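Remember, predicted model here, so these are calculated numbers, not experimental data.
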Amino acid sequence: MTGSEESSSFRLVYVPGVMPDKWVRVWNERHPDVPLTLTQVPAGAAAGRLLDADADAGLVRLPVDRTVLSAIPLYTEQTVVVVPKDHLVTAVDEVSPEDLSDEIVLHPLDDVLDWENLPGRPAFERPATTADAVELVAAGIGVLIVPLSLARLHHRKDLTHRPLADAPESSVALAWPENATTDEVEDFIGIVRGRTVNSTRGRRPASEGNPKGGARRKPVPGESAAGRSASAKPTGKGGQSAGRSGRGAPKGGRRGKPRRRS
């Protein structure tokens with residue numbers, strides 16, 4: 001593949017739980033000639049894919065190394081505890097860490113939450129992935145704490161979830177290499193921020209500024225703001241000296257005597 005072919009697409013990576021569909025749809029509407037290549041990667045591998053130039057941008061989980069990656073935070077997720085449907089905590093609307101003190105809390109190796117102290121009791125062995133941990137929850141081995149999007153991603157009919165208070169949260173951001181802020185990256189930033197195609201902060205094709213394709217009409221003198229300013233009467237002190245000749249002005253000037261008020 002040649003360099004020109006590589007630059008003809010926009011490569012976007014995203015981590016599990018993130019739903020990029022709406023942004024991809026807008027991209028395809030605005031850039032039908034630039035295909036978007038979408039690839040899901042593990043949360044821990046997303047930054048490496050960007051730094052190795054395997055992707056142009058990524059929807060990642062924070063934190064990232066801000067010395068080499070630029071990032072725009074998009075949203076923060078609610079943290080939930082995944083339990084069997086017949087678990088005792090399903091009787092409450094929100095769970096506290098103290099409610100899990102006697103529970104085995106599974107801690108997968110790909111956990112995206114930054115814990116200081118994980119509640120509950122640790123399992124004998126850490127599951128390799130969140131998907132593996134969900135299977136163990138279904139088997140009655142323990143409970144699992146994850147961002148809401150991951151609970152939905154691994155949804156099962158025999159499991160449910162409840163919000164967990166006083167727990168760390170996971171934030172999702174758009175990230176890209178700091179030294180590779182391309183026009184395509186700028187366009188995608190505008191999309192995730194909800195800018196319209198005509199936004200002054202977005203990049204627009206040259207043809208959009210002149211839909212008919214013809215040369216722009218030169219402004220007629222007097223129509224522009226500068227022209228109007230030049231024709232307006234000055235209002236400062238300099239304007240008074242130019243418009244008002246003072247007591248020593250010659251009597252033959254165009255200005256007449258001011259009318260008396262009735």
Side-chain angles (χ1 to χ4, degrees), residues 1-80 108-114 127-134 144-155 168-195 197 199 201-203:
M1 181 178 290
T2 65
S4 60
E5 289 174 336
E6 289 180 352
S7 62
S8 64
S9 66
F10 182 65
R11 301 165 300 165
L12 180 71
V13 295
Y14 70 103
V15 298
V18 175
M19 304 295 289
D21 298 5
K22 60 181 180 181
W23 297 319
V24 173
R25 183 174 62 253
V26 175
W27 175 276
N28 292 333
E29 292 172 354
R30 297 184 184 180
H31 302 278
D33 55 335
V34 182
L36 188 151
T37 303
L38 192 62
T39 305
Q40 186 182 90
V41 297
R49 295 290 292 268
L50 294 173
L51 294 176
D52 291 340
D54 292 331
D56 300 305
L59 297 166
V60 305
R61 293 192 182 274
L62 295 176
V64 296
D65 187 351
R66 294 297 187 95
T67 63
V68 290
L69 292 174
S70 297
I72 298 175
L74 300 177
Y75 57 88
T76 298
E77 292 196 64
Q78 184 182 54
T79 301
V80 301
L109 295 175
D110 64 353
D111 186 19
V112 297
L113 298 173
D114 185 16
T129 66
T130 299
D132 292 337
V134 170
L144 175 66
I145 302 172
V146 290
L148 178 58
S149 67
L150 291 180
R152 290 173 172 170
L153 177 66
H154 298 287
H155 171 72
E169 297 174 320
S170 176
S171 296
V172 174
L174 174 66
W176 66 95
E178 190 176 45
N179 60 355
T181 308
T182 64
D183 288 339
E184 288 75 16
V185 169
E186 290 283 6
D187 287 344
F188 198 76
I189 291 171
I191 289 173
V192 298
R193 283 185 161 175
R195 297 176 193 157
V197 68
S199 170
R201 296 186 66 183
R203 188 174 62 90

Set of side-chain contact (heavy atoms from CB on, under 4.5 Å) partners for [X], sequence neighbours left out:
X      : answer
Arg66  : Leu62, Val64, Ala71, Pro73
Pro168 : Leu113, Trp115
Ala46  : Val15, Val41, Val60

(request) Measure from the side-chain N and O atoms of Arg195 to the backbone N and O of Ile189, and report whether any donor-acceptor pair falls under 3.5 Å. (result) no
(request) Using atom types as modelled and distance alone, determine if a side-chain donor or acceptor of Trp27 lies under 3.5 Å from a backbone N or O of Asp187. (result) no
Specify the closest pair of heavy atoms between [X] and [Y], including all atoms of both residues, with the distance to one decimal.
X      : Y      : result
Leu109 : Ala128 : CB-O, 3.5 Å
Ala47  : Leu69  : CB-CD1, 3.9 Å
Asp132 : Pro127 : CB-CB, 4.2 Å
Ala43  : Val112 : CB-CG1, 3.8 Å

Is [Y] close to [X] at the side-chain level, that is, under 4.5 Å between some pair of heavy atoms?
X      : Y      : value
Thr39  : Arg49  : yes
Leu174 : Trp23  : no
Leu74  : Val192 : yes
Leu59  : Val13  : no
Thr79  : Ser170 : no

(request) Run through Asp56, Thr182, Thr181 and flag the one making a side chain to side chain donor-acceptor pair (under 3.5 Å) with Trp176. (result) Thr181
Got a second to check how far [X]'s [atom1] is from [Y]'s [atom2], nearest 0.5 Å?
X      : Y      : atom1 : atom2 : answer
Arg152 : His154 : CZ    : NE2   : 14.0 Å
His31  : Ser9   : NE2   : OG    : 13.0 Å
Leu153 : Leu148 : CG    : CG    : 11.0 Å
Glu184 : Leu12  : CD    : CG    : 13.0 Å
Asp111 : Leu144 : CG    : CG    : 8.0 Å

(request) Please list, chain by chain and in numerical order, all residues satisfying ring pair (Phe, Tyr, Trp, His ring centres under 6.0 Å) with Phe188, sequence neighbours excluded. (result) Phe10
(request) Only pairs at least two apart or in different chains count here, so list each salt bridge (Lys or Arg N to Asp or Glu O under 4.0 Å) that has a residue in residues 169-180. (result) none
(request) Mind jotting down which residue pairs meet the side-chain hydrogen bond (donor to acceptor under 3.5 Å, both in side chains) criterion with at least one end in residues 69-78? Sequence neighbours excluded, please. (result) Arg61-Glu77, Thr76-Ser171, Glu77-Ser149
(request) Before giving the answer on side-chain hydrogen bond (donor to acceptor under 3.5 Å, both in side chains), spell out for Asp110 and Thr129 the whole-Å C-alpha distance, their side-chain angles and the decisive distance to 0.1 Å. (result) CA-CA 6 Å; Asp110 64 353; Thr129 66; 5.0 Å; no
(message) Can you confirm whether more than 12 heavy atoms, excluding those of Asp114, are under 6.0 Å from its CG atom?
(response) no
